[in-house]
Student: 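First, the structure itself, so that you have it in front of you.
Keep in mind that the numbers below use all heavy atoms, side chains included, and drop hydrogens, waters and symmetry copies. Just so we're clear, the structure is a prediction, and the values are computed from it rather than from any experiment. Positions are given from 1 along the sequence.
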Amino acid sequence: MLRTVKPKNARSKRVLDAREPKEVEDARIAIFVKGTKTGEVLNGVMKDMMALKRPDAISFSKKNVIHPLDAQNTASASSSTSSLEFWSSKNDASMFVIGQTSKKRPNDLTFVRMYDGKVLDIVEVGVENYVSMESIPGTKSTPGHKPLMHFASELFDTHPRFIQLKSMLMSLFNGEAVESIYLKGLEHVISVSLAPTPATLNTASASTESTTPLPKVHIRTYATRLLASGSRIPRVELTLMGPSMDLVLRRHTNPDPELLKQSMKRPKLKKTDIEKGLGKKRKNLDVDEMGNLRGRVHVGKQDLSKLQTRKMKGLKAGAFEDEHGDDAGDDDGDSDQEVTTKRQKLH
């Protein structure tokens with residue numbers, strides 16, 4: 001039987017209501033956790049990632065014994081998973097960034113994504129060629145602004161390992177969902193590209209079990225500058241802001257199919273949303289650029305001879321011909337009796 005928590009006051013009730021599932025979820029809260037041993041590189045990487053993630057970031061200052069990618073049957077893995085689930089439910093967080101270094105895996109960074117308080121999937125990478133944000137002079141972005149993310153490779157849409165990494169980075173930096181973005185609000189761009197790719201990986205049917213080494217992932221962060229261009233659209237310049245780093249893909253875990261299906265499930269749309277064109281497309285209905293719903297009606301072939309019109313004496317069949325036929329037969333004009341009748345009607 002599941003344990004239900006009842007609020008004791010109005011404040012706790014508001015907190016519980018904020019954690020309830022929503023149709024449009026809030027921005028993911030990420031917790032940055034230090035492992036048993038972290039070096040200068042990992043401390044700088046996690047510090048700069050937190051600067052890009054703020055204000056939806058929480059840092060654990062103490063070191064923790066956590067190894068989520070160990071063998072599933074070991075006590076270390078079970079305790080790590082239980083710790084992640086406890087931290088997730090306590091802080092209402094759905095992302096973890098774990099940093100720890102060892103002789104076997106130096107400068108190791110682990111991304112953990114949660115769903116419904118359970119571990120969904122894990123991606124482990126190694127950090128190389130790190131350049132901190134502080135070492136690069138220039139303006140920095142304002143915390144809390146959404147970045148513009150650019151993925152420059154076809155493998156991010158075809159190879160399963162890079163598809164998972166792209167999804168993980170999008171979940172980490174995407175922020176909350178918005179309908180529109182103010183142009184001056186785009187203050188920084190996160191560019192993700194790949195090193196020269198082997199020809200064997202440039203296929204849509206790439207497998208995770210392939211022995212071909214995977215290319216490195218280059219992450220660069222740029223600050224945007226809007227300059228005058230002589231037109232309404234400004235000229236945009238990019239200046240390196242930092243951090244910059246290269247990632248090497250290491251271990252990973254695929255999400256559980258049933259849990260992934262639940263996480264991808266979308267709520268049923270309302271009737272008003274369907275009419276606006278947000279739901280399933282209905283036949284002969286579309287929405288124009290102004291947001292107006294327009295429909296197309298197909299009418300069968302009509303017989304215009306049976307069309308009901310206004311009843312007028314002059315429109316009856318043969319009336320015009322009979323009148324002119326009588327006039328043609330009387331060459332001398334109207335008779336005296338007919339002239340007298342017409343004069344009486346006039347008076």
Side-chain angles (χ1 to χ4, degrees), residues 27-35 37-61 95-101 105-112 123-153 156 162 165-176 181-196 215-227 234-250:
R28 290 177 176 268
I29 297 177
I31 299 179
F32 292 79
V33 183
K34 294 182 180 179
K37 183 178 180 182
T38 57
E40 182 179 357
V41 173
L42 281 183
N43 290 336
V45 169
M46 298 178 71
K47 179 182 177 182
D48 290 346
M49 282 191 170
M50 278 194 61
L52 296 177
K53 182 62 179 173
R54 284 193 180 100
D56 304 312
I58 300 174
S59 176
F60 286 180
S61 57
M95 287 286 297
F96 286 92
V97 182
I98 305 170
Q100 52 189 349
T101 184
R105 298 183 183 89
N107 300 329
D108 192 76
L109 203 64
T110 306
F111 300 98
V112 182
V123 175
E124 184 185 62
V125 296
V127 181
E128 297 179 356
N129 304 326
Y130 166 68
V131 180
S132 66
M133 189 184 298
E134 295 179 353
S135 61
I136 301 176
T139 58
K140 311 299 179 184
S141 63
T142 306
H145 283 216
K146 288 173 65 71
L148 177 64
M149 302 197 68
H150 174 244
F151 294 89
S153 178
F156 288 114
F162 292 104
L165 178 64
K166 175 184 176 181
S167 176
M168 190 72 70
L169 294 177
M170 290 280 288
S171 299
L172 179 63
F173 294 113
N174 194 28
E176 60 179 324
I181 298 178
Y182 185 48
L183 187 59
K184 292 185 179 179
L186 290 175
E187 296 188 358
H188 63 293
V189 178
I190 300 177
S191 175
V192 185
S193 59
L194 297 181
K216 294 183 180 180
V217 181
H218 305 300
I219 297 180
R220 303 291 182 266
T221 309
Y222 300 92
T224 60
R225 295 178 57 195
L226 304 179
L227 305 177
R235 181 167 58 90
V236 182
E237 285 190 356
L238 300 180
T239 57
L240 191 62
M241 182 185 75
S244 299
M245 67 188 81
D246 298 338
L247 303 181
V248 181
L249 293 181
R250 291 176 179 170

Student: Report the C-alpha separation of V217 and V125 in whole Å, then their side-chain angles, then the decisive distance to 0.1 Å, and conclude whether the side-chain contact (heavy atoms from CB on, under 4.5 Å) test is met.
Tutor: CA-CA 10 Å; V217 181; V125 296; over 6 Å; no
Student: In sequence, state the C-alpha distance, the side-chain angles, and the governing distance for K146 and N174, and then conclude on side-chain contact (heavy atoms from CB on, under 4.5 Å).
Tutor: CA-CA 6 Å; K146 288 173 65 71; N174 194 28; 3.4 Å; yes
Student: Between F156 and F151, which heavy-atom pair has the shortest distance, and what is it?
Tutor: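 The pair with the smallest heavy-atom distance is CD1-CB, 3.8 Å.
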Student: Could you give me the CA-CA distance, side-chain angles and deciding distance for L109 and M49, then say whether side-chain contact (heavy atoms from CB on, under 4.5 Å) is met?
Tutor: CA-CA 12 Å; L109 203 64; M49 282 191 170; 3.9 Å; yes
Student: Classify the side-chain pair Y130/N107 by whether it contains a donor and acceptor separated by less than 3.5 Å.
Tutor: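 Checked: Y130/N107 side chains show no N/O donor-acceptor pair below 3.5 Å.
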Student: As an exercise, state the distance from CG of L169 to CD1 of I190, rounded to the nearest 0.5 Å.
Tutor: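 Between L169 CG and I190 CD1, I get 8.5 Å after rounding to 0.5 Å.
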Student: Shortest non-hydrogen contact from G185 to H145?
Tutor: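 Nearest heavy atoms, G185 then H145: O-ND1, 3.1 Å.
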Student: Ion pair present between D246 and R220, side-chain N to carboxylate O less than 4.0 angstrom?
Tutor: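 Yes, this pair counts.
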Student: When you measure from the side chain of K34 to the backbone N and O of G99, does any donor-acceptor pair fall under 3.5 Å?
Tutor: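 Checked: no pair found.
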Student: Can you name the closest pair of heavy atoms from P243 and L52 and give their distance?
Tutor: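 Smallest interatomic distance, heavy atoms only, reads CD-CD1, 3.9 Å.
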Student: Would a distance-only check, ignoring hydrogens and angles, find a side-chain to backbone donor-acceptor pair under 3.5 Å from K140 to M133?
Tutor: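 Here the side-chain-to-backbone pair exists.
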Student: Please identify which of these residues, R54, E187, H188, meets the side-chain hydrogen bond (donor to acceptor under 3.5 Å, both in side chains) condition with T142.
Tutor: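 Looking at R54, E187, H188, the match for T142 under the side-chain hydrogen bond (donor to acceptor under 3.5 Å, both in side chains) is E187.
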Student: Count the heavy atoms of every other residue, nucleotide or ligand shown that sit under 6.0 Å from CD of E134, and state whether that count exceeds 12.
Tutor: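 Count not over threshold, so no.
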Student: Can any side-chain N or O of S193 pair as donor or acceptor with the backbone N or O of A152 at less than 3.5 Å?
Tutor: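 Not a single qualifying donor-acceptor pair exists.
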Student: Run the numbers on V192 and K166 for side-chain contact (heavy atoms from CB on, under 4.5 Å), then give the verdict.
Tutor: CA-CA 9 Å; V192 185; K166 175 184 176 181; over 6 Å; no
Student: Out of curiosity, Y222 OH to L148 CG, how far, rounded to the nearest 0.5 Å?
Tutor: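 So the OH of Y222 and the CG of L148 are separated by 13.0 Å.
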Student: Taking all atoms of both residues into account, what is the closest heavy-atom pair of D108 and L42, and its distance?
Tutor: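 Scanning both residues completely, I find the closest heavy atoms to be O-CD1, 3.6 Å.
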Student: Looking only at non-hydrogen atoms, find the nearest pair between T101 and P106 and report the distance.
Tutor: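 Minimum heavy-atom contact is OG1-CA, 3.4 Å.
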Student: Answer yes or no: does atom CD of E40 have more than 12 heavy-atom neighbours from other residues, nucleotides or ligands under 6.0 Å?
Tutor: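 Atom CD in E40 is not crowded, with 12 or fewer foreign heavy atoms closer than 6.0 Å.
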Student: Atom NZ in K216, atom CD in E128: separation rounded to 0.5 Å?
Tutor: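 Between K216 NZ and E128 CD, I get 4.0 Å after rounding to 0.5 Å.
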Student: Mind checking the CG-CG spacing from L247 to L194? Nearest 0.5 Å is all I need.
Tutor: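 L247 CG to L194 CG: 10.5 Å, rounded to 0.5 Å.
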Student: Do N129 and S244 have side chains that get closer than 4.5 Å, going by heavy atoms?
Tutor: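 No. Closest side-chain heavy atoms not under 4.5 Å.
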Student: Which pair of non-hydrogen atoms, one from M241 and one from S141, has the smallest distance, and what is that distance?
Tutor: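 Result for this residue pair: SD-N, 3.3 Å.
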Student: How long is the gap from CE on M170 to CZ on R28, to the nearest 0.5 Å?
Tutor: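 Between M170 CE and R28 CZ, I get 11.5 Å after rounding to 0.5 Å.
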Student: What's the spacing between K53 NZ and M46 CE if we round to 0.5 Å?
Tutor: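 Spacing of NZ (K53) from CE (M46) equals 14.0 Å.
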Student: A side-chain contact here means heavy atoms from C-beta on lying under 4.5 Å apart; do D56 and M95 qualify?
Tutor: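 No, their side chains stay 4.5 Å or more apart.
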